[in-house]
A.B. asks: 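Take a look at this one; I'll ask things after.
By convention here, the first residue in the shown sequence is residue 1.
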Amino acid sequence: MLRVTGVRLAESISKHPLNLREASAALLPPLPLYRRILRAHRHLPFEMRSLGDDYVKAEFRRHKETSNKVHIIGFLSQWKVYLDQLPVGPEAQGFRGKPLDPTVLEKMSAEQLGQLYEVMHATKDVWKPVSPEQSGTQNPPDNPEKSS
């Protein structure tokens, strides 16, 4: 019986070279996907990492008890696409996101648009440039020399 299983496993390996696009499109199980996303966030700037980690954790918790297979596949595939689009290594430090595709926006449900609106407001103040008055690092005015 063990030999038959080994033969079947060997047969399942393709004789053709692995297509990178197909390998990337493969779904990951929820836990390894979750871990990979959090690991990818380590390279992002602190504010993005903090917000991203919180959002990923909340979404995975929210979908933990989902039993609809279509929803599960859609959920996992979209998070896999997100993971594939995240930069890795030193280039991630300068990453500031990317614009949302208008066709994706049109396909969103009312609930999804509400979530997007909440995320927009949560991140609005994070990416504002800090003026010198707010940061407390004002340049001191030039002190004229005192005449004695």
Side-chain angles (χ1 to χ4, degrees), residues 1-140:
M1 179 138 173
L2 184 59
R3 184 183 180 315
V4 174
T5 306
V7 171
R8 284 189 182 159
L9 283 173
E11 288 174 352
S12 70
I13 297 174
S14 175
K15 294 179 176 97
H16 303 299
L18 183 61
N19 182 350
L20 210 53
R21 181 170 286 155
E22 290 173 7
S24 176
L27 287 180
L28 292 173
L31 195 55
L33 178 62
Y34 176 77
R35 288 179 180 155
R36 277 192 180 176
I37 291 170
L38 293 180
R39 276 191 212 111
H41 282 179
R42 290 180 189 166
H43 303 287
L44 295 175
F46 176 76
E47 295 86 4
M48 289 183 85
R49 177 183 180 181
S50 173
L51 180 69
D53 286 354
D54 290 345
Y55 188 75
V56 169
K57 290 173 185 178
E59 282 296 300
F60 272 79
R61 269 190 225 112
R62 194 175 297 128
H63 290 84
K64 188 176 184 179
E65 301 299 323
T66 303
S67 59
N68 185 335
K69 292 179 182 179
V70 174
H71 288 257
I72 294 170
I73 290 171
F75 178 79
L76 294 176
S77 63
Q78 287 304 307
W79 278 108
K80 179 68 167 81
V81 168
Y82 168 76
L83 176 63
D84 291 341
Q85 292 176 352
L86 279 178
V88 290
E91 63 190 36
Q93 283 300 317
F95 182 68
R96 293 289 181 231
K98 66 176 206 155
L100 186 62
D101 184 14
T103 58
V104 172
L105 190 62
E106 291 172 3
K107 293 179 183 179
M108 287 186 173
S109 68
E111 181 182 352
Q112 290 171 325
L113 288 171
Q115 286 180 336
L116 186 61
Y117 186 75
E118 289 175 15
V119 169
M120 181 187 74
H121 278 289
T123 60
K124 188 172 24 173
D125 294 331
V126 173
W127 298 111
K128 267 188 197 171
V130 179
S131 65
E133 296 85 35
Q134 291 173 333
S135 66
T137 58
Q138 281 184 318
N139 293 335

A.B. asks: Determine whether a donor-acceptor pair (N or O, by modelled atom type, separation under 3.5 Å) exists between the side chain of Ser50 and the backbone of Glu47.
C.D. replies: no
A.B. asks: To the nearest 0.5 Å, tell me how far Arg42 CZ sits from Ile37 CD1.
C.D. replies: 13.0 Å
A.B. asks: When rounded to the nearest 0.5 angstrom, what distance separates CZ in Arg35 from CG in Leu28?
C.D. replies: 12.0 Å
A.B. asks: Inspect the contact between Asp53 and Lys57 and indicate whether a charged nitrogen and a carboxylate oxygen are less than 4.0 angstrom apart.
C.D. replies: no
A.B. asks: Search all heavy atoms of Gly74 against all heavy atoms of Ser77 and return the closest pair with its distance.
C.D. replies: O-OG, 3.0 Å
A.B. asks: Atom CE in Met108, atom CD in Gln115: separation rounded to 0.5 Å?
C.D. replies: 9.0 Å
A.B. asks: Give the minimum heavy-atom separation between Met48 and Leu44, together with the two atoms involved.
C.D. replies: CB-CB, 4.2 Å
A.B. asks: Got a second to check how far Trp79's CH2 is from Asp84's CG, nearest 0.5 Å?
C.D. replies: 13.0 Å
A.B. asks: Which atoms form the tightest heavy-atom contact between Leu76 and Leu33, and what is the distance?
C.D. replies: O-CD2, 3.6 Å
A.B. asks: Return the orientation label for the Phe60 and Phe75 ring planes: parallel under 30°, perpendicular over 60°, tilted otherwise.
C.D. replies: perpendicular
A.B. asks: Just how far is it from atom CZ of Arg36 to atom NE2 of His41, taken to the nearest 0.5 Å?
C.D. replies: 14.0 Å
A.B. asks: In Å, rounded to the nearest 0.5 Å, how long is the span from CD of Glu59 to OH of Tyr82?
C.D. replies: 11.5 Å
